[in-house]
Amino acid sequence: MEFYIKTYCKKNADDIDVSFLPPMARRKLSALDKAALCIMNECLTSLEEKDRNIKIVFASRYGELDRLKKLVYQYTHENEVSPATFSGSVHNSAVGQFSLLNRITKSYNSISAEEFTFEAGLTEAVLTASDCDVLYCYCDAITPDTAHGFGCIIGHNNKPNAQFKDNRLYFKTGEETKCIY
């Protein structure tokens, strides 16, 4: 699969920065939320202001696993569930928060496909980019110190500079091709 990437970024737990968010917005974020919001923000802000109302494809194999564990514990031990914890536990909570914070009105999809999540999300993003640019974000965080992710802006109507082959994502700049994920 070949396509065009305008920009990309990778993050792990050590280089996630959500200082661009107001303190009240970041105080209840999970590790996954922080990784996803950081990656999506870095990709989005690389675009001109007029191009930031963009479609988004978000992919995560495990989603909000930590919050789900808390919900199960609350239900089994307290026989009730916190509405705030529940609303943050849904698979698309990070991309939903991001679209609200950035006033994005275009559609977004949330993908999970077990061990094929990265490539399923990437395929969805490439197909969606047939008529417009798309922000693709893949993140997972089983524990806060394992938070990691990748994001890119996939452009349409451009000569391909990226290839997904043998479960690896390659990016070409000039004569150099490097594996970026």
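Within the 4.5 Å cutoff, no side-chain heavy atoms of V95 are placed close to those of C137. A 4.5 Å side-chain heavy-atom check between F98 and I104 finds at least one atom pair inside the cut-off. Two residues are said to be in side-chain contact when any heavy atoms from C-beta on lie closer than 4.5 Å; N167 and E119 meet this criterion. At a threshold of 4.5 Å between non-hydrogen side-chain atoms, the residues L37 and F20 count as touching. The side-chain heavy atoms of K6 and L47, taken from C-beta on, include a pair separated by under 4.5 Å. Using a 4.5 Å heavy-atom cutoff, the side chains of F3 and P160 are not in contact. Residues F150 and I39 fail the side-chain proximity criterion, which asks for heavy atoms closer than 4.5 Å.
By the criterion of side-chain heavy atoms lying less than 4.5 angstrom apart, applied directly or through intervening Ile, Leu, Val, Met, Phe, Trp or Tyr residues, Y136 is grouped together with L169 in one hydrophobic cluster. M1 and V134 fall within a single hydrophobic cluster, where Ile, Leu, Val, Met, Phe, Trp and Tyr are joined by side-chain heavy atoms under 4.5 Å apart, directly or via other members. In this structure, L71 is not a member of the same hydrophobic cluster as Y73, with clusters built from ILVMFWY side-chain heavy atoms closer than 4.5 Å. Linking Ile, Leu, Val, Met, Phe, Trp and Tyr residues whenever their side-chain heavy atoms come within less than 4.5 Å leaves F171 and Y4 in two separate clusters. Both Y8 and Y181 are part of a single hydrophobic cluster, where members link through side-chain heavy atoms under 4.5 Å apart.
Taking the six-membered ring where the residue is Trp, Y138 and F118 present perpendicular rings, their angle passing 60° and hence far from 30°.
Taking CD1 of I5 as the reference point, atom CD of Q163 lies at 11.5 Å (rounded to 0.5 Å). Rounded to the nearest 0.5 Å, atoms OG (S99) and CG (L44) are 11.0 Å apart. In this structure, I54 CD1 and I154 CD1 are separated by 9.5 Å, a value rounded to the nearest 0.5 Å. To the nearest 0.5 Å, atoms CG (L32) and CD1 (I16) are separated by 9.0 Å. Going from atom OG1 of T117 over to atom CG of L122 covers 12.0 Å, rounded to the nearest 0.5 Å. In this structure, N79 CG and Q74 CD are separated by 11.5 Å, a value rounded to the nearest 0.5 Å.
The two residues A147 and A31 come nearest to each other via the heavy atoms CB-O, 4.0 Å. The minimum heavy-atom distance linking T177 with K172 is given by the pair OG1-CG, 3.6 Å. The heavy-atom pair separating R168 from C179 by the smallest distance is CD-SG, 3.6 Å. Minimum interatomic distance between P144 and A13 (heavy atoms only, all atoms of both residues): O-CB, 3.6 Å. The shortest heavy-atom contact between A94 and M40 is O-CE, 4.0 Å. Closest approach of G121 to I111, counting heavy atoms only: N-CG2, 4.0 Å.
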For Q97 and L29, what are the C-alpha separation, side-chain angles and deciding distance, and is it a side chain to side chain contact (heavy atoms under 4.5 Å, CB included)?
CA-CA 10 Å; Q97 289 177 56; L29 295 177; 3.2 Å; yes

Between L101 and N41, is a side chain to side chain contact (heavy atoms under 4.5 Å, CB included) present by the stated rule, with each step listed?
CA-CA 10 Å; L101 290 166; N41 185 66; over 6 Å; no

Between Y108 and N92, is a side chain to side chain contact (heavy atoms under 4.5 Å, CB included) present by the stated rule, with each step listed?
CA-CA 9 Å; Y108 62 81; N92 65 337; 3.7 Å; yes

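Between the side chain of N109 and the backbone N or O of I56 there is no donor-acceptor pair closer than 3.5 Å. A donor-acceptor pair is defined here as one N or O able to donate and one able to accept, closer than 3.5 Å; such a pair exists between the side chain of N12 and the backbone of D14. With hydrogens and angles ignored, the 3.5 Å screen pairs a side-chain donor or acceptor of S112 with a backbone N or O of R61. A side-chain donor-acceptor contact under 3.5 Å links D17 to the backbone of S19. Without hydrogens or angle criteria, K34 side chain to V18 main chain gives no donor-acceptor distance under 3.5 Å. Looking only at distances, no side-chain donor or acceptor of D15 sits under 3.5 Å from a matching main-chain atom of K11. With hydrogens and angles ignored, the 3.5 Å screen pairs a side-chain donor or acceptor of S60 with a backbone N or O of C139.
Heavy atoms of other residues, nucleotides or ligands lying less than 6.0 angstrom from CD of E78 number more than 12. Summarising the local packing, CD of E114 is surrounded by 12 or fewer heavy atoms from other residues, nucleotides or ligands at distances under 6.0 Å.
Checked options L135, D133, T45; the residue passing with R52 is T45 (criterion: side-chain contact (heavy atoms from CB on, under 4.5 Å)).
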